[in-house]
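One structure is given below, encoded as structure tokens.
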Protein chains: 2
Amino acid sequence: MKGGSAMKSREKRKDVLLKLEKFGRELCEQIEKGSFPHITMPSRSIENIFYNPDLRQYVLGNKTVRRSAGNIRHLRPFTHLVWMAYFTHELTTNQKTSTLRDVFYSAQAYDISFQDQDESDSIITDLETVLGYTREDFNVFPEESSAVFGDLTIEYTVPNYEGKRLNLTSHPDGVMIGPALTSADFVETSADKVIAIEKGGLFTRFIEERVHEKFNAILVFLRGQAPRSTRYFIRRLNQELGLPVYIFTDADPWGMHIAMVIISGSANAAHVKELTTPDAKWAGVWASDIVNYKLPNDKLEDVDIKRLHELMRDPRYKGEIWQREINLFMKNQRKCELEAFSRYGLTHIVDAYLPQRLKEVGDYGE
Amino acid sequence: MKGGSAMKSREKRKDVLLKLEKFGRELCEQIEKGSFPHITMPSRSIENIFYNPDLRQYVLGNKTVRRSAGNIRHLRPFTHLVWMAYFTHELTTNQKTSTLRDVFYSAQAYDISFQDQDESDSIITDLETVLGYTREDFNVFPEESSAVFGDLTIEYTVPNYEGKRLNLTSHPDGVMIGPALTSADFVETSADKVIAIEKGGLFTRFIEERVHEKFNAILVFLRGQAPRSTRYFIRRLNQELGLPVYIFTDADPWGMHIAMVIISGSANAAHVKELTTPDAKWAGVWASDIVNYKLPNDKLEDVDIKRLHELMRDPRYKGEIWQREINLFMKNQRKCELEAFSRYGLTHIVDAYLPQRLKEVGDYGE
């Protein structure tokens, strides 16, 4: 495995702390110089968000916003941001984690009041923008988590587990992708690919049918639209270990978009780079599979068709495979689920579909 | 730990298979005798479902239904039931698992057609009724799964892992409660209680704050309304290991009901006994806690109040604590979340609330 170039979790934590401290020191210096403390950061307004076809993700343009304690209208968000930097510095230093909801309540312990969670969420996003790190890097994790299974040995960096190792085949129902796994170092793997699966039933089927051995794969359970920490984990598997990533979803616009968000991220996350895996591939179930494999299917509903029209206009869907499949969905007006392969027996998806698809998709290009 | 009296997973699987075979053999004997094959089972119609205050769960009454191949209106569900028994016998013999959705599609591999998934789900419930076992016992698992963490050593009974052991503190994000864990034997624990938590953020907080050590607890993450396999797992921790179970949810009618379904199950599951933990206790967050701990709170919405009126009429909510808390919700018209304790700092819930509540609740009675 490669990985020598990867920034280890401990170094990253150190860098996050340094950046937070630098942020605070600059404010102090401004005060000492007799000027109102202020901060300049990229604007996240809609007219400053652009799709970058080379990076294959949304990015922010050159517009910036300035927040100054000298402007009475800025005073509230500026104070909030300073507190947020302080609080997440505490979290990261003490290696304690929190959630968006929990940060909202925690503020009250410091007599900082947010009107509602939207306001505190937005300040957390500001801090991501200032630092160039995702909130998981300063220990604010999603409430939701999904799971992983496969031959990867990790080494924890969290307290009480520091230096301990676990092989991710230890528990055949899968282990959760939470703060400890997200911040663990990757030690060793025999896998040569990652297979990510939308549905829990199929994740279990793949483990039972030994897909991890037969296809040398690390299996990731997405639980529908993947939580951010899962997208971050998939990116690490791809970037640090050099593993190609294949995503399997239901054959419908929602399934396509589960894959797309893993690949290209969302416009909301244009200010961070660590939540995308541009080389990941949507490997099925395609609209064309419904026809080619004669899969049990259902008629597209109005809400599906509306969604397909939205995807057609989305710059992330310009690639050949996306256009081909969107057009086919529109033409045939049918959708189907991953479980539909059970129509040919429980193991058909593993014995027939999966090997053929992995062969095809190895060089299908986008 | 006790557990000598517990039916081990292997023995249970054997018994399920024997019951399925007996079901088939009886049908064959009926045919050999020249009569139409038929089956008699308890009726699950609404007028045959009663709340049993001693068992503290819903049970079926004495009404039965008879399905016979000699009645043309019975022919379809009767055939479906025979196929379902055959299919789940295959699943259980081969130790492969499936989901409700997956069974619906699998039927097509045998030229058995269900009109929709509702029809196949209902036949699976028939089979539960006939066998007196839950569908998890014949390897039909929920799509959803939640997680567990704590000092419990288990021994797997699933293929490729049979005889292998895992301690459930191995992964500090928690391990999934799927088919492998559900069917594992319990080997050893130092825990003297189970703490079940509605929210993922709090589950992580409890692990980080070493609640499992400080309170000798096995921590179960419910992920909202607990999946059936999680309820089954909690029951096993209570019955096989003799551990008391304390449930922590948000302070609102939905949180109460998460606890209630773990304790007393649902009317839908009146035909099975293995999904309830009658001695489990709802340990908070109570309506009274909102006042006593001065927690940040929100006004009850119309939908919350409507739900409280429903709970008032529900026979499961006759107990003192439930009535007291429902009345207090109604009186104060306020609700709050588990995370609200962060208003006093991240560790307040663990340092102050949890020890006090566990002391109070040890003998609060119902």
Side-chain angles (χ1 to χ4, degrees), chain A residues 91 94-109 141-145 147 149 156 158-161 164 166 168 170-182 199-205 207-210 221 223 296 337 339-348, chain B residues 91 94-109 141-145 147 149 156 158-161 164 166 168 170-182 199-205 207-210 221 223 296 337 339-348:
Chain A
L91 282 179
N94 298 319
Q95 297 196 50
K96 292 187 188 292
T97 63
S98 192
T99 62
L100 293 174
R101 190 73 186 149
D102 196 45
V103 168
F104 165 69
Y105 285 114
S106 295
Q108 299 182 37
F141 278 83
E143 170 81 19
E144 277 306 303
S145 55
F149 177 88
Y156 296 107
V158 292
N160 299 303
Y161 281 81
K164 278 193 191 166
L166 184 77
L168 301 186
S170 301
H171 179 54
D173 292 329
V175 303
M176 301 262 283
I177 304 174
L181 186 48
T182 306
K199 298 270 191 76
L202 265 292
F203 175 70
T204 301
R205 165 86 21 90
I207 295 172
E208 286 178 358
E209 297 304 327
R210 318 289 292 160
F221 169 34
R223 199 188 296 283
E337 295 178 291
E339 295 94 328
F341 284 97
S342 294
R343 189 255 170 281
Y344 299 107
L346 289 181
T347 64
H348 186 81
Chain B
L91 281 179
N94 298 318
Q95 296 195 52
K96 290 185 189 292
T97 63
S98 191
T99 62
L100 293 174
R101 190 74 187 149
D102 197 45
V103 168
F104 165 69
Y105 284 115
S106 295
Q108 299 182 37
F141 278 84
E143 170 80 18
E144 277 305 302
S145 56
F149 178 88
Y156 296 107
V158 293
N160 298 304
Y161 281 81
K164 277 192 193 166
L166 184 76
L168 301 186
S170 300
H171 179 53
D173 292 329
V175 302
M176 301 263 283
I177 304 174
L181 186 48
T182 306
K199 296 269 191 74
L202 265 292
F203 175 70
T204 301
R205 164 85 24 90
I207 296 172
E208 286 178 358
E209 297 304 327
R210 319 290 292 161
F221 170 34
R223 201 186 296 283
E337 295 178 290
E339 295 94 328
F341 284 97
S342 293
R343 188 255 171 280
Y344 298 107
L346 289 180
T347 64
H348 186 81

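Remember, predicted model here, so these are calculated numbers, not experimental data. Proteins get letters first, then strands, A, B, ... in listed order; numbering begins at 1 in each.
With chain B as partner, the option from Tyr344(A), Phe203(A), Tyr156(A) having the largest number of non-hydrogen pairs under 4.5 angstrom is Tyr156(A). Ranking Pro159(A), Gly200(A), Pro172(A), Ala180(A) against chain B, the residue ahead of the rest is Pro172(A), based on heavy-atom pairs under 4.5 Å. With chain B as partner, the option from Leu168(A), Leu346(A), Asn160(A) having the largest number of non-hydrogen pairs under 4.5 angstrom is Asn160(A). Of the listed residues (Thr97(B), Thr347(B), Asp173(B)), the one with the most heavy-atom contacts under 4.5 Å to chain A is Asp173(B). For the set Ala147(A), Pro296(A), Ala107(A), Pro142(A), the entry with the most heavy-atom pairs within less than 4.5 Å of chain B is Pro296(A).
When heavy atoms are compared at a cutoff of 4.5 Å, Phe149(A) approaches chain B solely by way of its side chain, counted from C-beta outward. Looking at Phe104(A), there are no atoms closer than 4.5 Å to chain B (heavy atoms on both sides), in backbone or side chain. With a threshold of 4.5 angstrom between heavy atoms, Ser342(A) approaches chain B through its backbone and through its side chain. Both the backbone and the side chain of Arg343(A) come within contact range of chain B, each with at least one heavy atom under 4.5 Å from a heavy atom of that chain. Looking at Ser106(B), both its backbone and its side chain come within 4.5 Å of chain A, counting heavy atoms on both sides. Both the backbone and the side chain of Leu181(A) come within contact range of chain B, judged by heavy atoms closer than 4.5 Å. Only the side chain of Leu91(A) comes within less than 4.5 Å of a heavy atom of chain B; its backbone N, CA, C and O stay farther away.
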Evaluate the side-chain contact (heavy atoms from CB on, under 4.5 Å) criterion for residues Glu209(A) and Lys96(B): first the C-alpha distance (whole Å), next the side-chain angles of each, then the deciding distance (0.1 Å), finally the verdict.
-> CA-CA 9 Å; Glu209(A) 297 304 327; Lys96(B) 290 185 189 292; 2.6 Å; yes
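Expressed to the nearest 0.5 Å, how far CD of Glu143(A) lies from OG1 of Thr204(B) amounts to 8.0 Å.
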